[in-house]
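These figures come from a predicted structure and were not determined experimentally. Every number for a ligand or one of its atoms is a count from 1 in the order of the listing.
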Amino acid sequence: VPELPEVETTRRSLAGRVVGRRIKGAIALPVRLRGGIVPADWLAHAVGATVLGLSRRGKYLLADLGRSTAVIHLGMSGRLAIVAAGAPCGPHTHLRLLLAGGDELRLVDPRRFGLAIVAERAVVAALPCLVELGVDALDGDVEPALVAAAARSRTPVRSLLLDQTVVAGIGNIYAAEALARAGIHPLRPASALARRRVRRLAAEVKNVLAEALAAGGTTLEDGGFADAAGNAGFFAVRLEVYGREGQPCTRCGASIRRQSAGGRSAFFCPRCQR
Ligand SMILES: [Zn+2]
């Protein structure tokens, strides 16, 4: 599942390949992604436009097309790839942007939880999914946002971390890892945590994201995310708890536990995390 570091890795690796290039054609399939893809919108707003910049907010990628903006969310399984024009098209390729100079930017999303919208700049700026985003987990000031939200919320602290309106960009994996590093039990009510522990958690969010980003960057040098093996380096960060149910805690040796909460699994060490 692409989380902030994977989306940022995608952005950095794509920027040099697409910024400054004109989109000369679009082949969009009218599939039902989370937000739908409207082929007519891509023809009207993307074709003929030049990509002026590529930015990120939380897990959303935004391409500045001048009068219009394109928004892409990779959902559960989405991937953006740059391939040579006319290269064989794999299954689940929902969107192809043909770039002047001969490459194609393709959106592949087998599970279809992603989103690909293009519209006038002001329309995109007003999209609720963007307006409601909290501070960016990587670029934003996470500590005050998290301290303020925790103080007024009895929700489990893990749910608070996953709430994109508080801090944008954290998903299951990095929430689990930040909580493990901070020694905080994922299901602890947020308002019950001492302020210094919330501050520590904010610092660990920054640390784990920075490490994951560095790991993603390392992989890019061996050939880039755009090839078929592009996902290889994702989540190369050393995971302490996520997906390690029943395995020994790297700190104390106790068995890592998994507990379902809110339809998702929380992984934690019952001894180190309180
Ligand atoms: Zn432990």
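Considering all non-hydrogen atoms of both residues, Ala145 and Val135 come closest at CB-CG2, 3.7 Å. In terms of heavy-atom proximity, Asp103 sits nearest to Arg21 at OD2-NH1, 3.0 Å.
Within the sub-2.8 Å shell of the Zn ion (ligand 1), the protein contributes these N/O/S atoms: Cys249 SG, Cys252 SG, Cys269 SG, Cys272 SG.
A 4.5 Å side-chain heavy-atom check between His92 and Asp109 finds every atom pair outside the cut-off. Taking the side chain as every heavy atom from C-beta outward, Gln259 and Leu187 approach each other to under 4.5 Å.
Judged by distance alone, the side chain of Glu245 and the main-chain N or O of Phe267 form no donor-acceptor pair under 3.5 Å. Here the side chain of Lys206 pairs a donor or acceptor atom with the backbone of Ala137 at under 3.5 angstrom.
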